[in-house]
Amino acid sequence: MKIAGKSIRAFIGAKDYTISRNFYLDLGFEEVITSENMSYFYMGEFGFYLQNAYVKDWVDNSMIFFEVDDLQNTLKHIQGLQLTEKYEKVRISEIVYKEWGNEFFLHDPSGILWHFGIFKSK
């Protein structure tokens, strides 16, 4: 028998749970509160669990890659949300062009590093 998966959902931490929840709602995710200390955030078919838990080494080394169809428009959209003005520690990079594809980076309020990217066709 082969494993037939439906989704993979990461668990990420938050230094300030309330600030992180608001950040992800502002980014465009929808929230399902699963318990007092955890919520499921999703956008379409994709999602992750945000926990009211913070371990610096864990959070500082957490990364999520979000593949998108249109990288340039995704960057413009996120820049237009003015998250860097609203949240003190949020940072957004410009697009980086690499051999395998292109990406830009978004740091959430806790330091989780999001890679928004697109792969080159084979």
Taking every non-hydrogen atom, the tightest pair across S62 and I112: CB-CD1, 3.4 Å

Value rounded to 0.5 Å, distance of CG in L50 from CD1 in I33: 11.0 Å

ILVMFWY cluster, F66 and L83 together (side-chain gap under 4.5 Å): yes

Within one Ile-Leu-Val-Met-Phe-Trp-Tyr cluster: I12 and I92, side-chain cutoff 4.5 Å: yes

Under the side chain to side chain donor-acceptor pair (under 3.5 Å) test, residues paired with E103 that sit two or more places apart: K98, H115

Heavy-atom side-chain proximity of N22 to I19 below 4.5 angstrom: no

Shared hydrophobic cluster, Y54 / V90 (ILVMFWY, side-chain heavy atoms < 4.5 Å): yes

Pair F119 and F65, ring centroids less than 6.0 Å apart: yes

Candidate pair Q72 and H77, rule side-chain contact (heavy atoms from CB on, under 4.5 Å), full reasoning: CA-CA 9 Å; Q72 186 68 42; H77 172 75; over 6 Å; no

Any side-chain donor near an acceptor of the partner, D108 and Y87, under 3.5 Å: no

Rounded distance (nearest 0.5 Å) linking atom CD of E67 with atom OG1 of T74: 11.0 Å

Distance (rounded to the nearest 0.5 Å) between L71 CG and K76 NZ: 11.5 Å

CA sep, side-chain torsions, deciding dist, call: V96, F104, side-chain contact (heavy atoms from CB on, under 4.5 Å): CA-CA 6 Å; V96 177; F104 69 87; over 6 Å; no

Donor-acceptor contact below 3.5 Å, side chain S93 vs main chain F105: yes

Same apolar cluster: L106 and M63, side chain cutoff 4.5 Å: no

Distance under 6.0 Å and angle within 45° of ring axis: R9 vs Y40: yes

For N37 against Y17, the heavy-atom pair lying closest together: C-OH, 3.7 Å

Heavy-atom side-chain contact between D69 and I118 under 4.5 Å: no

Minimum side-chain heavy-atom gap K15-V59 below 4.5 Å: no

Whether over 12 other heavy atoms sit under 6.0 Å from E36 CD: no

Validation row: F116, L75 side chains within 4.5 angstrom (heavy atoms): no

Partners passing salt bridge (charged side-chain N to carboxylate O under 4.0 Å, His left out) against E31 (at least two apart in sequence or in another chain): R21

Student check: side-chain heavy atoms of I78 and L27 closer than 4.5 Å: yes

same_hphob_cluster(F11, F46) at 4.5 Å side-chain heavy-atom cutoff: no

Non-neighbouring partners of A53 that pass side-chain contact (heavy atoms from CB on, under 4.5 Å), sequence neighbours left out: Q51, W58

Where S20 and S110 come nearest, the two heavy atoms and their spacing: OG-OG, 3.3 Å

Centroid-centroid under 6.0 Å between Y24 and F48 rings: yes

